[in-house]
Amino acid sequence: MAKSLYSVIVADDEDELREAVCTMIPWEDYGFRLVGSASNGLDALQMVEECEPDLLLTDIRMPFISGIELARQVREIRPATNIAFLSGYDDFEYAKQAIQYNIISYMLKPLTMEGLSKELQNIRQKIDTQFAMFRQAPSSPGGLDLQTAMLMPLVLDDYAEPDGEQRAKAYARQCGLLHDIEDCPYYIVMVSTLLEADEANCTPPSFVASVNRLSTKYLRGAHFFASGKVISVLLGNPSDFDKYLHILADEIPQMADRVLGKRCRIGISRATRNLTALHDAYREAMEALRQGDRMESGAQFISDLSPTVKGGELLCKRAMEALNQHYMDADLSLVSLSGMLTVSPNHLSSCIKKYTGETFINILIRKRMEAARELLISSPLKIQEIAQRCGYTDQHYFSYCFKKYCGESPSTMRRRLDREKAGE
């Protein structure tokens with residue numbers, strides 16, 4: 001079968017370089033399809049959200065959102081996208097900070113077309129390998145390892161012994177699941193399944209390796225296959241889970257959809273401190289899985305189903321109210337908003353998309369621009385003050401967004417309004 005082309009977005013604020021890269025590279029010869037180009041980090045981010053590319057090729061020094069910040073935000077919304085950095089020699093150390101953001105390649109400027117072509121072939125092979133590994137079972141027919149053998153009964157069986165917790169912890173240290181006596185993580189159980197178009201479960205045992213490989217990037221854990229699902233016991237402290245769990249819960253379904261062409265449903269339990277509570281956590285994960293929408297790919301957290309959350313339209317309404325109250329905070333993000341509403345970012349994001357037909361980023365920008373336009377028309381505030389009141393610390397960034405949204409820059413609009421007043 002002919003290999004499908006990997007989609008790519010190019011982001012660079014040097015117009016000539018960007019044009020050259022877009023037009024002079026024979027993308028399809030190297031296995032890529034160019035789906036868009038952007039001159040700054042903001043446009044690149046919106047484009048990633050819209051086009052869901054396999055690769056983002058971006059300069060590290062960009063206006064508005066730096067390449068590293070862009071990589072961080074891309075990982076929040078599209079962790080399955082690989083990122084390749086173009087950077088000046090001096091930025092190389094700086095670029096290494098971003099290693100955790102799915103960086104597949106670093107290229108140093110100045111760049112020759114020949115050098116770029118060669119690197120694209122390397123990237124192509126790396127993505128081929130990623131996809132192949134996601135598709136295939138591991139080659140070694142490894143039986144159950146010690147950690148899995150220890151966890152399986154704790155997860156699947158409902159039994160309790162008086163000194164069960166101490167014994168379980170001692171055994172967990174013996175088999176290397178816990179490092180030492182000081183190691184007291186929280187545990188979360190995650191259940192992952194693959195579904196056919198007719199909603200029939202089609203999860204193969206080999207899917208354990210795929211889930212394991214992606215999980216390892218973010219969290220400690222052990223994974224096994226039981227009765228048609230991959231069961232993962234993830235270990236971490238609450239801040240690890242806050243930071244990484246929602247990203248992992250997005251990346252597995254994105255990869256399953258992109259590589260296997262299958263829907264992936266995931267159920268996720270609350271965190272517990274006790275190994276002997278893993279069976280209850282497993283039941284929570286299964287309950288979340290059952291309650292989730294089988295027609296849609298993605299994760300369902302049991303915490304998002306509690307009666308206090310009130311999903312659906314009401315949650316979307318609460319989110320819009322919170323956004324109206326906090327749009328002036330420069331740091332407002334989907335993650336911080338979901339924290340205010342005590343739901344997972346995944347649940348909030350899909351809820352907003354479902355009931356508004358738009359993404360969080362677009363709604364936030366529109367809200368900020370409408371507020372800015374209102375202030376420009378009705379107040380004597382300086383443009384810089386208006387920018388700050390609408391959540392922008394950088395006036396150029398604000399002016400760029402304003403012009404893109406309103407069709408003219410803030411200063412042009414103000415001059416026009418002044419002329420109209422004077423001519424009244």
Side-chain angles (χ1 to χ4, degrees), residues 1 3-9 31-33 35 48-56 71-84 99-105 123-138 190-197 201-219 221 223-225 228-232 234 243-268 285 289 292-301 344-347 349-350 353:
M1 87 180 191
K3 283 190 167 174
S4 71
L5 299 172
Y6 295 129
S7 53
V8 61
I9 285 172
F32 291 96
R33 188 176 90 250
V35 293
V48 165
E49 200 161 31
E50 224 164 277
C51 306
E52 306 187 336
D54 297 310
L55 177 68
L56 168 64
R72 189 189 69 74
Q73 294 196 28
V74 165
R75 192 184 66 173
E76 290 282 342
I77 56 171
R78 182 74 192 164
T81 292
N82 284 289
I83 295 170
I99 194 81
Q100 78 254 41
Y101 300 142
N102 300 339
I103 309 302
I104 200 169
S105 154
I123 292 173
R124 160 94 223 188
Q125 282 172 338
K126 285 181 182 171
I127 302 181
D128 278 348
T129 307
Q130 265 180 17
F131 280 28
M133 283 166 89
F134 192 83
R135 234 178 240 120
Q136 289 158 1
M190 175 173 85
V191 177
S192 312
T193 56
L194 293 174
L195 303 176
E196 295 284 12
N201 184 342
C202 59
T203 319
S206 61
F207 193 49
V208 172
S210 312
V211 171
N212 181 21
R213 199 169 281 114
L214 292 185
S215 299
T216 325
K217 292 202 294 193
Y218 305 111
L219 294 159
H223 313 265
F224 58 88
F225 185 79
K229 29 186 197 299
V230 175
I231 299 171
S232 309
L234 302 169
K243 202 167 166 189
Y244 298 120
L245 188 58
H246 69 276
I247 296 173
L248 176 62
D250 274 341
E251 188 165 2
I252 297 169
Q254 285 173 10
M255 285 296 281
D257 178 51
R258 177 67 184 91
V259 181
L260 309 172
K262 299 262 191 278
R263 267 209 309 278
C264 173
R265 296 283 318 143
I266 296 177
I268 298 174
L289 189 66
D293 183 350
R294 288 177 71 87
M295 292 308 292
E296 283 180 29
S297 230
Q300 179 73 65
F301 290 68
S344 68
N346 318 61
H347 185 56
S349 169
S350 65
K353 268 193 194 131

>> Quick check: closest heavy atoms across Pro79 and Glu251, and the distance to 0.1 Å?
In response: O-OE2, 3.5 Å
>> Within the structure provided, determine whether Lys262 and Cys202 are in side-chain contact (heavy-atom separation under 4.5 Å).
In response: yes
>> Test your reading of the model: is there a side-chain donor-acceptor pair from Ser7 to the backbone of Asp54, 3.5 Å cut-off?
In response: yes
> Do Gln300 and His347 come close enough that some side-chain heavy atom pair is under 4.5 Å?
Replying inline: yes
> Between CZ of Arg124 and CG of Leu55, what distance do you get to the nearest 0.5 Å?
Replying inline: 11.0 Å
>> Please determine whether the number of non-hydrogen atoms from other residues, nucleotides or ligands lying under 6.0 Å from atom NZ of Lys243 exceeds 12.
In response: no
> Hey, what do you get for CE (Met190) to CD1 (Ile252), rounding to the nearest 0.5 Å?
Replying inline: 3.5 Å
>> Does His223 form a side chain to side chain contact (heavy atoms under 4.5 Å, CB included) with Ser215? I'd like the steps, not just the answer.
In response: CA-CA 9 Å; His223 313 265; Ser215 299; 3.4 Å; yes
> Does Arg258 come within less than 4.0 Å of Glu52, counting only side-chain N to carboxylate O?
Replying inline: no
> Any idea which heavy atoms bring Phe225 and Pro205 closest together, and the distance?
Replying inline: CD1-CA, 3.5 Å
> What's the spacing between Arg75 CZ and Asp250 CG if we round to 0.5 Å?
Replying inline: 11.5 Å
> Is there side-chain contact between Thr203 and Ser192, with heavy atoms separated by less than 4.5 Å?
Replying inline: no
> Should Phe134 and Arg213 be marked as a side chain to side chain contact (heavy atoms under 4.5 Å, CB included) after you check the CA-CA gap, both sets of side-chain angles, and the distance that decides it?
Replying inline: CA-CA 8 Å; Phe134 192 83; Arg213 199 169 281 114; 5.8 Å; no
> Taking atom CG of Leu214 and atom CD of Gln130, what is their separation to the nearest 0.5 Å?
Replying inline: 8.5 Å
>> Side chains of Phe207 and Lys229, heavy atoms from C-beta outward: is any pair under 4.5 Å?
In response: no
>> Between Asn82 and Ile127, does the side chain to side chain contact (heavy atoms under 4.5 Å, CB included) criterion hold? Intermediate values first, please.
In response: CA-CA 8 Å; Asn82 284 289; Ile127 302 181; 3.8 Å; yes
>> Nearest 0.5 angstrom please: Phe224 CZ to Asn212 CG, how far?
In response: 12.5 Å
>> Within the 4.5 Å heavy-atom criterion, are Leu234 and Tyr218 side-chain neighbours or not?
In response: no
>> Rounded to the nearest 0.5 Å, what separates atom CD in Glu49 from atom CD in Gln73?
In response: 10.0 Å
>> Using modelled atom types and a 3.5 Å cut-off, is there a donor and acceptor pairing between side-chain atoms of Thr81 and backbone atoms of Pro53?
In response: yes
>> Which heavy atom of Ser297 sits nearest to which heavy atom of Cys264, and what is that distance?
In response: OG-N, 3.1 Å
> Between His246 and Glu76, is a side chain to side chain contact (heavy atoms under 4.5 Å, CB included) present by the stated rule, with each step listed?
Replying inline: CA-CA 8 Å; His246 69 276; Glu76 290 282 342; 2.6 Å; yes
> So, Arg265 side chain and Leu194 main chain: donor-acceptor pair closer than 3.5 Å or not?
Replying inline: no
